[in-house]
*Asks:* 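Sharing a structure, written as structure tokens. Questions coming.
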Amino acid sequence: MKKHKKWFIALLGVFILLMIGGGCTLASLLLDRPFRISGLTFLYIDNDDTMDSVCVKMEKELQASSLTGFRLLASVYGYKEHIRTGAYRIIPSENIYKVFIRLERGHQTPVRLVLPSVRTLDRLARSVSRQIMADSSQIARLLNDTVYLKELGFTRETLPAFFIPNTYEVYWNMTALDFMKRMQKEYKRFWNAERVAKAQKVRLTPVEVATLASIVEEETANNTEKPVVAGLYLNRLRIGMPLQADPTVKFGLQDFGLRRILHKHLETDSPYNTYKYAGLPPGPIRIPSVVGLESVLNYQKHDYLYMCAKEDFSGTHNFASTLSAHQANARRYQMALNRAGIMR
């Protein structure tokens, strides 16, 4: 077997020398073949790929016309016994030899992982799994592992606070555990001494900041309004007034499509019903964005205690410091709902 391998290596050496010589040689025909791609292309090698499936992917994704040289190199290097997973960025000027060396050595290309601000952890798992090798069930398994979450310092209810939405550079072949370790690193990086001090100033923990930020973000998509809304809820917390936030009621019901909160909804016995229970709910009602987190840490100081959606359905709000002013705002909004025929 050793003699056989040495023979292949010697033959390969001859091929490479002939390539350097620049002649039209067998080596150049086998190893210097370009791919028929017009632009940058990614080749994804999964953990269940075999030599044959790698070749199929190269034929499909890279438009490889012949892989005889690739198979020869694979035999010499024993590639089929140690196929390396990863995302490999291929450019049109690369040939069979260059691509093989990168695949054989595992020189993969980092990819962008966009961590979204979504309502549920299930959606998060699905979104992340579309961007890395780990599938959604592997990610979901960790997200539901109470023992593992306890090690991180979180519960299922508080876990949305663990994720900081952003765009990260990662290796595509990261496992679900690798993903969680990276998120732990980013969480600690975000919650630096300056941000922790700001949270302490308003008597909130980082998880509580995320919880309030999630409510703010469900209340308004207007970034300019978010520090105002955050200030309003902080005013309520200071005086022990219930938050009475409609989005928490929707979360408790798991009915995110509700546009009109009725009396029967407010009677729901749920720890997320902030009409029934004072203070913050058990955890975030979505994964808040960085903008949302910053809106709480850098809230706007004012004396508002009430808010009501504007009757023009612009997504912005009328704010009030007194109950009578708020009731006038609420009447205008209810009338607008009736005119629009919105009953639910």
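Because only heavy atoms are used, hydrogens play no part in the values below, and waters and symmetry mates are left out as well, while side chains stay in. Note that the structure is a prediction, hence the values are computed from the model and not measured.
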*Asks:* Partners of E186 by salt bridge (charged side-chain N to carboxylate O under 4.0 Å, His left out), sequence neighbours excluded?
*Replies:*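 E186: salt bridge (charged side-chain N to carboxylate O under 4.0 Å, His left out) contacts with R182, R189.
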*Asks:* Do V196 and L152 share a hydrophobic cluster, counting only Ile, Leu, Val, Met, Phe, Trp and Tyr and linking them when any side-chain heavy atoms are less than 4.5 Å apart?
*Replies:*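 Yes, same cluster.
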*Asks:* Is there side-chain contact between F251 and P281, with at least one heavy-atom pair below 4.5 Å?
*Replies:*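 They are not in contact (no side-chain heavy atoms under 4.5 Å apart), so the answer is no.
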*Asks:* Between S127 (side chain only) and L124 (backbone N and O only), is there a donor and an acceptor less than 3.5 Å apart?
*Replies:*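 Checked: no pair found.
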*Asks:* Could you walk me through whether F154 and V207 satisfy the side chain to side chain contact (heavy atoms under 4.5 Å, CB included) test, starting with their C-alpha distance in whole Å, then the side-chain angles of each, then the deciding distance to 0.1 Å, before giving a yes or no?
*Replies:* CA-CA 9 Å; F154 290 84; V207 168; 3.9 Å; yes
*Asks:* Can you tell me how far apart CG (L72) and CG (L67) are? Round to the nearest 0.5 Å.
*Replies:*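 CG of L67 is found 12.0 Å from CG of L72.
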*Asks:* Do R71 and T68 have side-chain heavy atoms sitting under 4.5 Å apart?
*Replies:*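 Answer no - side chains too far apart.
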*Asks:* For A213 and P288, which heavy atoms make the closest approach, and how far apart are they?
*Replies:*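 What the structure gives for the nearest pair is CB-CB, 3.8 Å.
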*Asks:* Can you tell me which residue pairs pass the side-chain hydrogen bond (donor to acceptor under 3.5 Å, both in side chains) test with a partner in residues 140-153, sequence neighbours excluded?
*Replies:*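 Pairs touching residues 140-153 that pass the test: N144-R156.
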*Asks:* Do T41 and E94 have side chains that approach each other closer than 4.5 Å (heavy atoms only, starting at C-beta)?
*Replies:*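 T41 does not reach E94 side chain to side chain.
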*Asks:* Could you walk me through whether T50 and D52 pass the side chain to side chain donor-acceptor pair (under 3.5 Å) check?
*Replies:* CA-CA 5 Å; T50 63; D52 287 339; 5.1 Å; no
*Asks:* Let me see the working for L234 and L212 under side chain to side chain contact (heavy atoms under 4.5 Å, CB included), right down to the final yes or no.
*Replies:* CA-CA 9 Å; L234 285 169; L212 183 53; 3.8 Å; yes
*Asks:* Do the side chains of M51 and L103 join up, straight or via other hydrophobic residues, at under 4.5 Å, putting them in one cluster?
*Replies:*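 Same hydrophobic cluster.
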*Asks:* Just by distance, no angles: are the side chains of N222 and T220 close enough, under 3.5 Å, to form a donor-acceptor pair?
*Replies:*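 There is no such pair between these side chains.
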*Asks:* Can you see which heavy atom on D46 is nearest to which on K57, and at what distance?
*Replies:*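 Looking at all heavy atoms of both residues, the shortest contact is N-NZ, 3.9 Å.
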*Asks:* Could you check if a side-chain atom of I287 sits within less than 4.5 angstrom of a side-chain atom of R123, using non-hydrogen atoms only?
*Replies:*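 Heavy-atom side-chain distance check fails, nothing below 4.5 Å.
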*Asks:* Out of L305, D303, V229, N329, which one pairs with F319 under the side-chain contact (heavy atoms from CB on, under 4.5 Å) rule?
*Replies:*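 Result for side-chain contact (heavy atoms from CB on, under 4.5 Å) with F319: V229.
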*Asks:* Taking 4.0 angstrom as the limit, do E218 and K250 come out as a salt bridge?
*Replies:*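 K250 and E218: not salt-bridged.
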*Asks:* Answer whether the closest heavy-atom distance between the side chains of F163 and L121 falls below 4.5 Å.
*Replies:*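 Yes, their side chains come closer than 4.5 Å.
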*Asks:* Whether the D246 and Y275 side chains hold a donor-acceptor pair (N or O, under 3.5 Å, no angle test) is what I'd like checked.
*Replies:*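 Looking only at side-chain atoms, Y275 and D246 do form a donor-acceptor pair, the distance falling under 3.5 Å.
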*Asks:* Where is the tightest heavy-atom contact between T274 and P242, given as atom of each residue plus distance?
*Replies:*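 Closest approach of T274 to P242: O-CB, 3.5 Å.
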*Asks:* With sequence neighbours left out, write down each residue that passes salt bridge (charged side-chain N to carboxylate O under 4.0 Å, His left out) with K310, or none if nothing qualifies.
*Replies:*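 Counting only residues at least two positions away or on another chain, K310 forms no salt bridge (charged side-chain N to carboxylate O under 4.0 Å, His left out).
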*Asks:* Under 3.5 Å, is there a donor-acceptor pair between the side chain of D49 and the main chain of V54?
*Replies:*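 No, because the side chain of D49 does not come within donor-acceptor range (under 3.5 Å) of the backbone of V54.
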*Asks:* Looking at CG of L280 and CG of L204, how far apart are the two atoms once the value is rounded to the nearest 0.5 Å?
*Replies:*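 The distance works out to 6.5 Å.
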*Asks:* Specify the closest pair of heavy atoms between S129 and I139, including all atoms of both residues, with the distance to one decimal.
*Replies:*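 Smallest interatomic distance, heavy atoms only, reads N-CD1, 4.0 Å.
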*Asks:* Kindly indicate whether the side chain of V128, heavy atoms from C-beta on, has any atom under 4.5 Å from the side chain of L113.
*Replies:*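 Sidechains of L113 and V128: in contact.
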*Asks:* Considering non-hydrogen atoms only, spot the tightest contact between D269 and K276 and give its length.
*Replies:*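 So the two residues come closest at CA-CD, 4.2 Å.
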*Asks:* Side-chain heavy atoms under 4.5 angstrom apart, residues restricted to Ile, Leu, Val, Met, Phe, Trp, Tyr: same cluster for L142 and V170?
*Replies:*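 Yes: a chain of side-chain contacts under 4.5 Å links L142 to V170.
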*Asks:* Taking atom CD1 of I91 and atom CG of L40, what is their separation to the nearest 0.5 Å?
*Replies:*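 I91 atom CD1 to L40 atom CG measures 8.0 Å (nearest 0.5 Å).
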*Asks:* Any chain of hydrophobic side-chain contacts (each under 4.5 Å) joining I101 to I96?
*Replies:*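 Yes, one cluster joins them.
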*Asks:* Check the angle between the aromatic planes of H82 and Y79 and answer parallel, tilted or perpendicular using the 30° and 60° thresholds.
*Replies:*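 Plane angle over 60°, so perpendicular.
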*Asks:* As an exercise, state the distance from CD1 of I285 to OH of Y272, rounded to the nearest 0.5 Å.
*Replies:*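 Answer for the CD1-OH pair, I285 versus Y272, is 9.5 Å.
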*Asks:* Looking only at the side chains, is there a donor atom on one of N95 and K98 sitting less than 3.5 Å from an acceptor on the other?
*Replies:*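 No.
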*Asks:* Check whether more than 12 heavy atoms from other residues, nucleotides or ligands sit under 6.0 Å from atom OH of Y277, and answer yes or no.
*Replies:*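 Enclosed: over 12 neighbouring heavy atoms sit under 6.0 Å from OH of Y277.
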*Asks:* So does P165 get a backbone contact from the side chain of Y168, meaning a donor-acceptor N/O pair under 3.5 Å?
*Replies:*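 No, Y168 side chain to P165 backbone: no donor-acceptor pair under 3.5 Å.
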*Asks:* For residues 288-298, pull every pair meeting side-chain hydrogen bond (donor to acceptor under 3.5 Å, both in side chains), keeping only residues two or more places apart or in separate chains.
*Replies:*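 Passing the test, one end in residues 288-298: R195-E294, K198-N298, E217-S289, E294-N298.
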*Asks:* Do T120 and D122 get their side chains close enough for a donor-acceptor pair, meaning under 3.5 Å?
*Replies:*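 Short answer, no.
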*Asks:* Taking C-beta and beyond as the side chain, do F42 and Q108 meet within less than 4.5 Å on heavy atoms?
*Replies:*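 They are not in side-chain contact.
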*Asks:* List the steps, then state whether side chain to side chain contact (heavy atoms under 4.5 Å, CB included) holds for L293 with F190.
*Replies:* CA-CA 10 Å; L293 294 168; F190 180 83; 3.8 Å; yes
*Asks:* Could you walk me through whether V228 and M307 pass the side chain to side chain contact (heavy atoms under 4.5 Å, CB included) test, one step at a time?
*Replies:* CA-CA 10 Å; V228 184; M307 61 184 287; over 6 Å; no
*Asks:* Compare all side-chain heavy atoms of L143 with those of M180 and state whether any distance is below 4.5 angstrom.
*Replies:*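 A side-chain contact exists here, since the closest heavy-atom pair is under 4.5 Å.
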*Asks:* Indicate the atoms forming the closest heavy-atom contact of A87 with W172, along with that distance.
*Replies:*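 It is CB-CB, 3.5 Å.
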*Asks:* Please say whether more than 12 non-hydrogen atoms of neighbouring residues, nucleotides or ligands are located less than 6.0 Å from CZ in R238.
*Replies:*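 Yes - once you tally the heavy atoms of other residues, nucleotides and ligands closer than 6.0 Å, there are more than 12.
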*Asks:* Are I215 and Y304 connected in a single hydrophobic cluster, I mean Ile/Leu/Val/Met/Phe/Trp/Tyr linked by side-chain heavy atoms less than 4.5 Å apart?
*Replies:*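 Cluster IDs for Y304 and I215 match.
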*Asks:* Going by salt bridge (charged side-chain N to carboxylate O under 4.0 Å, His left out), name the residues that satisfy it together with R236, two or more places apart in sequence or in a different chain.
*Replies:*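 Here no residue qualifies.
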*Asks:* Starting at OG of S117, measure out to CZ of R286 and round the result to the nearest 0.5 Å.
*Replies:*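 If we round to the nearest 0.5 Å, S117:OG and R286:CZ are 4.0 Å apart.
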*Asks:* Please name all residues satisfying salt bridge (charged side-chain N to carboxylate O under 4.0 Å, His left out) with R84, sequence neighbours left out, ordered by chain then number.
*Replies:*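 R84 satisfies salt bridge (charged side-chain N to carboxylate O under 4.0 Å, His left out) with no residue once adjacent residues are dropped.
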*Asks:* Going from CE on M133 to CG on D178, what distance comes out if it is rounded to the nearest 0.5 angstrom?
*Replies:*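 Taking CE in M133 and CG in D178, the distance rounds to 9.0 Å.
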